[in-house]
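Everything on this sheet refers to the single structure shown next.
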Amino acid sequence: MTRPKPAEEQPEPTPDATPAAAAASASETVEATDTTRRYEPYPGAEFFHGGRYSPIIAAAGARLTQEGHAPAGKTLGPDWTTAHRDAWASYQKTLRPKDGGDTSGTPDETAWDRLRIPRVSPLPKES
């Protein structure tokens, strides 16, 4: 039978991991907030339809143009057009080669988040 070690031989208790976990959580919160402030949130698939006019569409068009997906000779402005749909389809095909998912031309959340469209809409009010 083993006897317990005297108190002076006992290993010191390890500090609680909670402060490190809290710091990591705070870091993730700051990063999420920073992303929320810097990039336009995904407006949803129903946002993209003919007749839609929005500075968000223009900002997305500018990013698609920067990435080389705008159709030749077309300007992707604030009106949702077939040129926007074609540019998004081209971008989606680079994300999902070999028909590996949605390449319809309607932005999905994954493609939207990867394109990182700069925020043009006002930030929500903080409570």
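When atom types are taken as modelled, the side chain of E67 and the backbone of Y91 share no donor-acceptor pair closer than 3.5 angstrom. With Q92 contributing its side chain and A111 its backbone, the two residues share no donor-acceptor pair below 3.5 Å. Put simply, the side chain of Y42 gets close to the backbone of A45: a donor and an acceptor are under 3.5 Å apart. The main-chain N or O of W88 is never found under 3.5 Å from a side-chain atom of H69 such that the two would form a donor-acceptor pair.
P43 places a side-chain heavy atom less than 4.5 Å from the side chain of F48. Residues R96 and T110 have side chains in contact (heavy-atom distance under 4.5 Å, counting atoms from C-beta outward).
A distance of 6.0 Å or more separates the ring centres of W112 and F47.
Not counting sequence neighbours, E109 has no partner by the salt bridge (Lys or Arg N to Asp or Glu O under 4.0 Å) test. Applying the salt bridge (Lys or Arg N to Asp or Glu O under 4.0 Å) rule to R85 yields no partners; only residues at least two apart in sequence or on another chain are considered.
Residues R63 and T65 bring no donor and acceptor atom of their side chains to less than 3.5 Å of each other. In the model, S104 has a side-chain atom that pairs as donor or acceptor with a side-chain atom of D102 under 3.5 Å.
Shortest non-hydrogen contact noted between A87 and P71 is CB-CD, 4.2 Å. The shortest non-hydrogen separation linking E40 to V120 is OE1-N, 2.7 Å. The nearest pair of heavy atoms linking I57 to R52 is CD1-CG, 3.2 Å. Here the closest heavy-atom approach between residue A59 and residue P118 is recorded as CB-O, 4.2 Å.
Annotation: the span from L115 atom CG to Q66 atom CD amounts to 8.5 Å, rounded to 0.5 Å. How far CZ of R114 is from CG of D108: 9.5 Å, rounded to the nearest 0.5 Å. Note that CG of D86 and CG of L76 are 9.5 Å apart. Values are rounded to the nearest 0.5 Å. Atom NE2 of residue H49 and atom OG1 of residue T106 lie 11.0 Å apart, to the nearest 0.5 angstrom.
The same ILVMFWY cluster, assembled from side-chain heavy atoms under 4.5 Å apart, contains both I117 and I56.
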